[in-house]
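Naming: A, B, ... by sequence-line order, numbering from 1 per chain. Worth knowing before you read on, the calculation uses all heavy atoms, side chains too, and leaves out hydrogens, waters and symmetry mates.
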Amino acid sequence: MMDIIVFSLIGLGVLFAVSRLLIGPTPADRVVSLDTFNIIVIGVIALLANQFENSLYLDIAIVYGILAFIETIVFARYLEGQHGDC
Amino acid sequence: MKNFLAFITVLVLGYMIVVSLDNNEAFPAYGEADVSSRVSQAFIDRSVTEDPGDIIFGQATNLESGPANIVTAIVADYRSFDTLGEVTVLFVSSLGVALLLGGKKQKRLELNFHPNFMLRVGSRALFGIILMTGVYIAIHGHLTPGGGFPGGAMIASSMLLLYLADDEFRAKIKGFKMLESFAGTAYVLIGLTGLLLGGYFLENLLDNGVIGDLFSAGIIPIVYVLIGLKVGSEISGIIDNFLTEEGV
Amino acid sequence: MKYVATFLVLFVSYIALAGIHVQELLLGAIVSAILTVILAKHVNYTIDYRFPVKLLVFIFAYLPLFVWQLVLSNLAVARIVLSPRIKKHLNPGFVKINTDLKGDFAKLTLANSITLTPGTLSVDIDGNDIYIHTVYIKGKTPEENRQNISAKFEKVLGVVFK
Amino acid sequence: MEIASYIFMTIGGLFYLLGGLGILRMPDTFNRIQAGTKATTLGAFTLLIGIGFNNPEWFPKLLLIIVFIAFANPIGSSALAKASYKSCDLPDNLVQDDLIDLFGGKEDGPS
């Protein structure tokens, strides 16, 4: 029962973040929502590890978190280089 | 006429393929295969050893192939020669990048935007954790999901983070090249040792140990760590090629 | 001392990942030692003889303050987000505040703390100036802003990173 | 112990929901960054601590994830904020802009 509540709360959060990813007017908005989405997914993987009672999934959560951080940095540096003259 | 002949040929070939795949001895219908007589299932059950007892984590010894992760057993033991080919493919791709973009690389690309302070200092602090995670994944390839390729990719991502976060940083690319050659040579040498002592290339000649221990599974962890080093140094070399330019 | 700090960080993170067994400890120590020699000059971990005291201060004085401010900031975000008319809660702008902290790592910790406290987001640091985006500007002068935003963290962090 | 774990997990889920809602409802990029970073950081902390109550032997790994998130998330946010400031469409309701001292010239932040 409690699992359903937790998972539905997180699912709503993912839904909102992804809708900002779809409508976000500027590229920066999309990257921000992707960043938020990534942090949520770390929590979801840890929750799945709890559900399946298998600590191996935590390794995946760590690796996903690290790759998400590097992805955010790469996108930020890329957007920084994109600015034209204004 | 030519098109018509081609059409007829394709039709005949297609009919033959469908007939040959349809419910005969070699290709039974979906779900009706007797997997227990197949070789792969035998390997997964490990009943090909002389004593097909239960596999108990942390106790069972003298198994067909030692690792707790069956994928690792396939990648680094049964099909290790194939993995040598994959590593070669990666080597050729990094060689291609070096041929296209290489040359007398002397200094970093000059960008007119700089990383901010938090990124510059924070990446130096996070670098250790990320590198250690990569090393951990490469070392524990025979126990946990992961292995040489993801571990090497994590090592290369830590280098990418330093490249992105510091305008002056440049890795010692000569050291990476030496590490890469060392890892590749050691992989082939281990295979040749197996050929000399055991009879076939890349034979698992060490003791398998207790399943679930860190020091177990024969040569599999050694091979996987070598693969991790090779992949990490190759991808770091590719990153370095993309982010440097010729100059004085 | 730099080598000791690097070794400790690498070793602790390896043990946290791998768990405590004799074989893991042995291999972790060897791998950390090798990596320490290679990359000690690429990382900025430092340590000195007063480290245990600092760690205690960090855990018992800084962390409760940090967690409390984090909870407060989340409640503030919740109040803004859940209110039907968002615009009237916003008075955004970029402000510049001073800091007295010395050392890169101290400034980094201060900036991270500022990011995670109510209504502020640090954008960049230049010398002793921290540039901050705030949701609602209260103060008029830089000194007032500093009192509002970073004074309580600086007091604690000044003790930790002397 | 299990009840405490579920309470923590539910609070974490609530903060995740708040982060998603903040991302969706805030009017401009910088406020979105603020809402997303804060809410998801606290959400991840509480969720992971709740999981740790359920399985006490996982605490070292969970602590490593928490430390990593506590460092990485603000750093990524600040890098994104700088990139977003330099991409030239600032919100029109700014009341004060000190950052123009730093990035106001044609190029060049601090090196």
For this session: Measure distances from D:L14 to the heavy atoms of chain A and classify the residue's part below 4.5 Å as side chain, backbone, both or neither.
Result: both

For this session: In sequence, state the C-alpha distance, the side-chain angles, and the governing distance for D:L17 and A:F16, and then conclude on side chain to side chain contact (heavy atoms under 4.5 Å, CB included).
Result: CA-CA 8 Å; D:L17 176 61; A:F16 292 145; 3.7 Å; yes

For this session: Take D:I51 and A:L58 through the side chain to side chain contact (heavy atoms under 4.5 Å, CB included) test and state the conclusion after the steps.
Result: CA-CA 11 Å; D:I51 290 170; A:L58 288 182; 5.7 Å; no

Exercise. When only pairs under 4.5 Å are counted, which of D:G13, D:A35, D:G12 shares the most heavy-atom pairs with chain A?
Worked result: D:G13

For this session: Could you have a look at A:T72, A:I40, A:I62 and say which one has the most heavy-atom pairs with chain D under 4.5 angstrom?
Result: A:I40

For this session: Can you tell which part of D:Y6 gets under 4.5 Å to a heavy atom of chain A, answering side chain, backbone, both or neither?
Result: both

For this session: Please determine, among D:L48, D:N73, D:I69, the option with the most heavy-atom pairs under 4.5 Å with chain A.
Result: D:N73

Exercise. So which part of D:L80 gets closer than 4.5 Å to some heavy atom of chain A, the side chain, the backbone, both or neither?
Worked result: both

Exercise. So which part of A:A68 gets closer than 4.5 Å to some heavy atom of chain D, the side chain, the backbone, both or neither?
Worked result: neither

For this session: I would like to know whether A:N50 and D:M9 meet side chain to side chain contact (heavy atoms under 4.5 Å, CB included); could you show each step before the answer?
Result: CA-CA 11 Å; A:N50 183 41; D:M9 276 152 71; 3.6 Å; yes

Seminar exercise, completed: Answer key: most heavy-atom pairs under 4.5 Å with chain D among A:G11, A:P25, A:A46 is A:A46

Exercise. Quick one: what part of A:I39 sits under 4.5 Å from any heavy atom of chain D, side chain, backbone, both or neither?
Worked result: both

Exercise. Of all of A:A76, A:S8, A:A28, which one pairs up most often with chain D through heavy atoms under 4.5 Å apart?
Worked result: A:A76

For this session: May I ask you to check whether over 12 heavy atoms, not counting those of D:F8, lie within 6.0 Å of atom CZ?
Result: no

For this session: Just give me the residue among D:E57, D:K61, D:R32 that pairs up with chain A most often, heavy atom to heavy atom, under 4.5 Å.
Result: D:R32

Exercise. Rounded to the nearest 0.5 Å, how far does CD of A:E53 lie from CG of D:N55?
Worked result: 7.0 Å

Seminar exercise, completed: Applying a strict 4.5 Å limit to non-hydrogen atoms, the region of D:L64 in contact with chain A is side chain

Exercise. Is it the side chain or the backbone of D:A44 that comes within 4.5 Å of chain A heavy atoms, both, or neither?
Worked result: side chain

For this session: Evaluate whether atom CG of A:L22 has more than 12 neighbouring non-hydrogen atoms of other residues, nucleotides or ligands under 6.0 angstrom away.
Result: yes

Exercise. Would a 4.5 Å heavy-atom cut-off, applied to side chains only, mark A:F37 and A:L21 as touching?
Worked result: no

For this session: Please test D:L24 against A:I23 for side chain to side chain contact (heavy atoms under 4.5 Å, CB included), starting from the C-alpha separation and ending with a verdict.
Result: CA-CA 9 Å; D:L24 188 59; A:I23 62 178; 4.3 Å; yes

For this session: Measure D:I65 against the heavy atoms of chain A and call it side chain, backbone, both or neither at under 4.5 Å.
Result: side chain

Exercise. Are side-chain N/O atoms of A:N38 and A:D35 paired as donor and acceptor at under 3.5 Å?
Worked result: no

